[in-house]
Amino acid sequence: MIGIRGSVMNEKIKKITILPGKDKSGKKEEFEHIDIETGQSIAIVGNTGAGKSQLLYDIERLAQNDTKSNRKFLVNDKKPNKETRFNPKRKLIASLSQSMHFLTDISVEDFLKLHLESRGKKQDKKIIEEVIKIANEITGEAISHDMNLLSLSGGQSRALMVADVAIISDSPIILIDELENAGIKKEKAVEVLIKKNKMILIVTHDPSLALSTDKRLIIKNGGITKILNTTKQEKEIAHHLNWIESHNLNIRDQIRSGKEVKHLEIDCTQIK
Amino acid sequence: MKFIIFAGTPGSGKTSTIKYIIKELKDEFKLFFAKFDCLETSDSEKIEKEFNIPSVKKLAGDICPDHYTALEIPKILRQNQDKDIVILETAGLCLRCSPYVEEGLGINILDITSGDPFRYGPILTQADIVAVSKGDLISQAEREIFRAKILKINPSAKIVDVNGLTGEGAIDIASFIKSSSNIGGTSLTLKHSMPSAICGYCYGNKIIDNDKVQERYLKGKELKNLIPNLNCGKCGFKTCNEFIRGVLDKKAKKEDCPFIKNVKNKDDLCQ
């Protein structure tokens, strides 16, 4: 029994394939298959009510023609077994969303230790330092190990959540739901997650974020109607938008720390 | 017949989750819904109206809602022999008790924002399925810690994330219900014993004074020995204990119990 469970747990998820289902009017989705591989980022775009949540739900449970959309999923080109789908110890998707908050009254360091322990990992000081270091690369407001989790600002919380998901969570897929206006360097956040070989799905209307990804899935009337590969030009536009936003963030930090904002220092050397 | 018990603290999202589960089951099975609460509830009427399935509302009043639930289960099951699935939603107040039965499926709806799972007793540790609600409000790390803690105190639990607003998780719980086994008859066993709760306060004493409590307890015990303890309801009270309180509070007379002296055949009284 342990052996069987062990072998399933050890099989790394490298690729997920979406096979077409049907949209709200019962029409078959017009694609053959969509592959999502580790290290890839995908944006999911569409109007409110278009069916983005349904797609995420399908992915989370690796639907087998058993949800409203009738979509089917393959994992590493094979039909996933029940253990992969419903293993309570290992959730496939880790998520990050705007509505999430920390609720535990504990220091940052002790919290990360608790998370490591719950994942059955060693409480290694180096790992904790790495999480805090990465979080600090994502946010402008410094986080230290002895801060209380509940006293962190929105930006600090979000940055710590991203770093923690990248390093401590085992889930191979990261779902990001609307990360705009969080006061963090979004491009950096996505980069950190990609480096850790995660599959990243971002539901967003934010142009810089949507254009930073590798692919965009466009959802209409409950179905995936278009798959766009991000062009080189779009990636450049995204880079420019992120560059503008980093200045925005910089001024925001100046205002926050009580400084008088005298002029906009635009560092053109950073832009290609 | 399958017998499913949902328990969880108030506000954990029991009713809204049950609604989505009923939606998944109602076309395929003949359902019955029983809602237990302490003082008032409109949930059973809402569900009956929305899904057109028969329901009953049970209010525990002065006695422990889990005791009351256990007392009422046989009646509910007897009256619904023609149904495929009986769904019971408890009042869900006490963390010490488990209203679950060995023969049926026990589902705990657990609000992730309600604190450390270690605080919960049998309501969580004896559940077959733990449905975690409100997970979208807290961080991924805390969710993972929460899950690990649940598995520590209930290692065989099946954990499902549910969302009462979107219906997430309802398909999974419905499929667990479909594959659960049928109960043999109406004779069931509680997974966990009820708390010992017989003292003068249980008989309605309000003055905090050990002598007064003892006095009330002895009077109650005396009456208890005279009545059949079958909760037949003929005195106008839901249970014998409530009747005793009524007599001690002078709201009722001993003679209101038609069986107060001689009880020959207890089974006859059940009818």
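Chain identifiers are assigned alphabetically (A, B, ...) following the order of the sequence lines, protein sequences preceding nucleic acid strands; residue numbering begins at 1 within each chain.
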Out of Ser175(B), Ala148(B), Ser139(B), return the one with the most heavy atom pairs under 4.5 angstrom to chain A. Ser139(B)
Scored by heavy-atom pairs under 4.5 Å with chain A, the best of Lys152(B), Glu144(B), Lys149(B) is Glu144(B)
With a 4.5 angstrom heavy-atom cut-off, is it the side chain or the backbone of Thr113(B) that approaches chain A, or both, or neither? both
When the 4.5 angstrom heavy-atom criterion is applied to Asp116(B) and chain A, the contacting part is neither
Specify which of Thr104(A), Thr67(A), Leu149(A) makes the most heavy-atom pairs with chain B at under 4.5 Å. Thr104(A)
Of the listed Glu117(A), His115(A), Glu60(A), the one with the largest count of heavy-atom pairs under 4.5 Å with chain B is His115(A)
Please determine whether a side-chain nitrogen of the Lys or Arg among Arg61(A) and Asp66(A) lies less than 4.0 Å from a carboxylate oxygen of the Asp or Glu. yes
Leu116(A), part contacting chain B, at a heavy-atom distance under 4.5 Å: neither
Side chain / backbone / both / neither for Leu103(A) at chain B, heavy atoms under 4.5 Å: both
Could you please state which residues from residues 21-58 of chain B sit under 4.5 angstrom from chain A, measuring non-hydrogen atom to non-hydrogen atom, sorted by number, or 'none'? none
Looking only at side chains, do [X] and [Y] share a donor and an acceptor under 3.5 Å apart?
{"X": "Ser169(A)", "Y": "Ser171(A)", "value": "no"}
{"X": "Thr204(A)", "Y": "Asp206(A)", "value": "no"}
{"X": "Ser95(A)", "Y": "Arg143(B)", "value": "yes"}
{"X": "Tyr57(A)", "Y": "Thr166(B)", "value": "no"}
{"X": "Asn221(A)", "Y": "Ser25(A)", "value": "yes"}

Determine the minimum heavy-atom distance between His205(A) and Lys52(A), stating which atoms define it. NE2-NZ, 3.4 Å
Just by modelled atom types, is the Leu160(A) backbone N or O under 3.5 Å from a matching donor or acceptor in the Asp164(A) side chain? no
Are more than 12 heavy atoms, taken from residues, nucleotides or ligands other than Lys121(A), located less than 6.0 Å from that residue's NZ atom? yes
From the list Ile200(A), Ile36(A), Thr213(A), Ile202(A), side-chain contact (heavy atoms from CB on, under 4.5 Å) partner of Ile42(A) resolves to Ile36(A)
